[in-house]
Protein chains: 2
Amino acid sequence: MLKVQGATMTDNCANRIENEGCFTCRERHADWFCNLSPQALVEFESLGMQMTVPAGSTLFFEAQTARSVYILCGGHVKLTTSSKDGKTLLVRIAKPGDVLGLSAAISGTSYEITAQAIEPVQVKSFQRQDFLHFIEHHLEGSMHATKMINKEYRDALGDATRLALSMSIAGRVARLLLEMASGVRDAKPRFTMSLTHEELATMLGTTRESITRVLSELKRKEIISIKGTSLTILRRAALELLV
Amino acid sequence: MLKVQGATMTDNCANRIENEGCFTCRERHADWFCNLSPQALVEFESLGMQMTVPAGSTLFFEAQTARSVYILCGGHVKLTTSSKDGKTLLVRIAKPGDVLGLSAAISGTSYEITAQAIEPVQVKSFQRQDFLHFIEHHLEGSMHATKMINKEYRDALGDATRLALSMSIAGRVARLLLEMASGVRDAKPRFTMSLTHEELATMLGTTRESITRVLSELKRKEIISIKGTSLTILRRAALELLV
DNA sequence: TGACATCTGTGACCTGCGTCACAAACGATT
DNA sequence: AATCGTTTGTGACGCAGGTCACAGATGTCA
């Protein structure tokens with residue numbers, strides 16, 4: 001059904017595209033949506049359309065009516081919301097295996113967040129109706145869906161708690177860096193930071209200057225190092241401590 | 001099946017208990033869980049145990065293993081989470097019709113929040129297993145459950161956004177007052193504020209002194225008035241502006 | 001290679017709110 | 001009524017982080 005074409009990937013960075021289909025997907029055996037029984041998976045996969053999205057383009061915007069659900073197969077996508085006064089907050093960085101737009105599809109309303117590719121990204125796109133029809137007729141799919149939303153709820157709640165009660169700017173930056181590095185198993189994970197300080201600031205609900213200062217501080221303490229656009233985490237534990 | 005005993009309620013405050021069973025419940029026709037088809041409702045109602053809980057007692061604690069799901073029939077319940085370092089955050093004030101402990105029941109883990117009655121409260125309590133069994137066998141119930149979690153997720157996300165991007169202490173206080181007054185339709189809603197400044201402070205992740213200052217300010221601007229334990233919102237719009 | 005735009009780094013200052021300290025008000029108990 | 005514990009009110013001070021202003025670095029295009 002799906003051909004394995006042998007993905008070309010060489011380096012060890014977080015920025016790569018790697019999955020050619022659910023059956024050969026590396027993430028298939030983790031606790032994710034794509035991890036269905038073989039029969040269900042065949043049907044499921046036939047409903048979706050595999051597509052590649054260039055860096056910087058937007059899968060969907062907040063407040064847009066939800067027409068599609070996406071499963072992220074490769075690459076990272078940034079998820080943001082914004083408040084009335086236009087300020088933007090990073091919700092999280094979606095990783096391969098994540099489902100995007102599920103909440104909006106289920107509630108039948110508009111997307112609650114904006115999803116933008118921060119690197120070339122591979123997704124599987126489903127018509128909202130097809131997706132809902134599938135999960136309504138597959139108990140395993142339905143349970144997965146409910147649990148995933150539940151997980152997102154708990155994450156959001158945890159975020160709200162941390163944001164309200166602690167989390168300095170340094171903490172937010174640390175969390176972001178760790179999320180960006182997720183997937184790289186190296187002891188000193190390295191990845192391409194393609195965002196400007198300005199963009200990072202909007203994502204974290206702070207200012208450009210604060211970002212500059214925090215990054216300088218982290219470099220000074222030799223917790224990270226930056227050469228051009230390449231960022232290396234030297235001491236992951238120190239970052240985790242800040243979150 | 002359930003006898004209507006004629007609830008005795010006279011005043012116009014938010015603090016009252018009023019429901020005697022799902023069939024006679026005022027909230028039944030809103031978009032809530034109790035609004036099931038009559039047959040399903042009969043079955044559903046027989047699974048649960050109606051109980052009254054005195055003010056101050058705790059329905060369940062954060063991190064406790066989830067054994068029960070509750071439907072709040074009358075009164076208000078405060079829902080809080082706390083961070084590692086012991087600080088507490090008010091998640092929201094639950095109102096009649098709300099389901100408590102649903103997320104934990106579904107994920108089969110521990111409660112993510114603490115639920116404490118802030119006044120005498122009437123709830124319907126379900127064994128987790130009974131509840132799950134019911135929703136798994138009633139499409140309408142199942143959809144309700146999924147949508148409710150979804151709604152909680154969206155609320156939590158909205159909270160996180162507001163907390164991260166704006167929401168001063170004054171804003172948090174305003175939100176709390178509005179939540180406490182919810183249900184009172186009066187133009188100048190009045191209710192009994194039974195919490196001390198100290199308690200309010202923990203609930204909002206701030207300090208006692210800040211609460212005192214904010215309330216003084218609100219009184220000075222004639223947005224609220226306080227006589228003893230009775231709090232009146234004089235200008236709701238002004239409060240909404242602060243959120 | 002020079003010109004121009006964008007990005008990064010840093011100091012000076014201001015504001016919101018947490019912390020500390022203490023005084024006044026209120027409520028219960030004898 | 002006198003006493004004591006709790007709650008409320010308020011001033012003084014400090015710190016994190018936002019705002020402003022500007023200088024240097026880096027990238028891009030003719």
Side-chain angles (χ1 to χ4, degrees), chain A residues 55-56 82-83 85-90 118 161-177 192-231 241-243, chain B residues 56 82-83 85-90 118 162-177 192-231 241-243:
Chain A
S82 41
S83 60
D85 54 335
K87 285 192 276 185
T88 308
L89 172 76
L90 172 78
I118 58 178
T161 310
R162 251 176 295 124
L163 283 168
L165 299 180
S166 42
M167 196 96 108
S168 59
I169 301 300
R172 302 188 201 184
V173 171
R175 181 173 73 108
L176 178 62
L177 294 180
T192 301
M193 165 61 79
S194 45
L195 303 167
T196 67
H197 290 188
E198 183 68 45
E199 289 174 300
L200 289 172
T202 9
M203 285 166 75
L204 298 178
T206 179
T207 59
R208 207 257 314 155
E209 295 90 327
S210 292
I211 296 287
T212 302
R213 277 186 249 268
V214 166
L215 288 178
S216 301
E217 185 69 8
L218 291 178
K219 279 189 286 189
R220 201 185 55 70
K221 287 186 182 164
E222 301 189 332
I223 292 174
I224 62 172
S225 88
I226 300 177
K227 289 175 232 108
T229 61
S230 167
L231 192 152
L241 210 68
L242 286 172
V243 175
Chain B
S82 42
S83 61
D85 53 336
K87 285 191 276 186
T88 308
L89 173 75
L90 172 77
I118 57 177
R162 250 175 297 126
L163 283 167
L165 299 181
S166 42
M167 197 96 106
S168 59
I169 301 299
R172 300 188 203 184
V173 171
R175 180 173 74 106
L176 179 62
L177 294 181
T192 301
M193 164 61 80
S194 45
L195 304 166
T196 67
H197 291 186
E198 184 68 46
E199 290 174 302
L200 289 172
T202 12
M203 285 167 74
L204 297 178
T206 178
T207 59
R208 206 259 313 155
E209 295 90 327
S210 292
I211 295 288
T212 301
R213 277 186 250 267
V214 167
L215 287 179
S216 302
E217 185 69 8
L218 292 178
K219 278 188 285 189
R220 202 184 55 70
K221 288 186 183 163
E222 301 190 334
I223 293 174
I224 63 173
S225 88
I226 301 177
K227 288 177 233 107
T229 60
S230 166
L231 192 152
L241 211 67
L242 286 172
V243 176

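Within every chain, numbering begins at 1; the chains are lettered A, B, ... in the order of the sequence lines, protein sequences first and strands thereafter. Remember, it's a predicted structure, so these values are computed and weren't measured experimentally.
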> Where along nucleotides 5-12 of chain C does protein come under 4.0 Å, by heavy atom, of base (B) or sugar-phosphate alone (S), with - for untouched nucleotides?
Replying inline: --SBBBBB

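Residue A/I169 holds its CD1 atom at 12.0 Å from CD of A/E209, rounded to the nearest 0.5 Å. We find the CD1-CG distance between A/I224 and A/L215 to be 5.0 Å, quoted to the nearest 0.5 Å.
B/L204 is listed as a side-chain neighbour of B/V173, based on a closest heavy-atom distance under 4.5 Å. Contact of the B/L177 side chain with the B/M193 side chain is registered, since non-hydrogen atoms from C-beta on lie closer than 4.5 Å. Using a 4.5 Å heavy-atom cutoff, the side chains of B/L218 and B/L242 are in contact. Between A/M203 and A/L195, some side-chain heavy-atom pair lies under the 4.5 Å cut-off.
In 5' to 3' order, the nucleotides of DNA chain D bounding all contacts with chain B (an atom under 4.0 Å from a heavy atom) are D/dT7 to D/dA12.
B/R213 has no carboxylate O lying under 4.0 Å from a charged side-chain N of B/E217, or vice versa, which leaves the two without a salt bridge.
Neither OP1 nor OP2 of C/dT19 sits under 4.0 Å from any side-chain N or O of B/T207.
Across all their heavy atoms, B/E199 and B/S194 have their closest contact at OE1-O, 4.1 Å. For the residue pair A/R172 and A/G205, the shortest heavy atom distance occurs at NH1-O, 3.9 Å. Minimum heavy-atom separation, B/A201 to B/T207: CB-C, 3.3 Å.
Axis angle across the helix from C/dT1-D/dA30 to C/dT30-D/dA1, with five pairs used at each end and values rounded to 10°: 30°.
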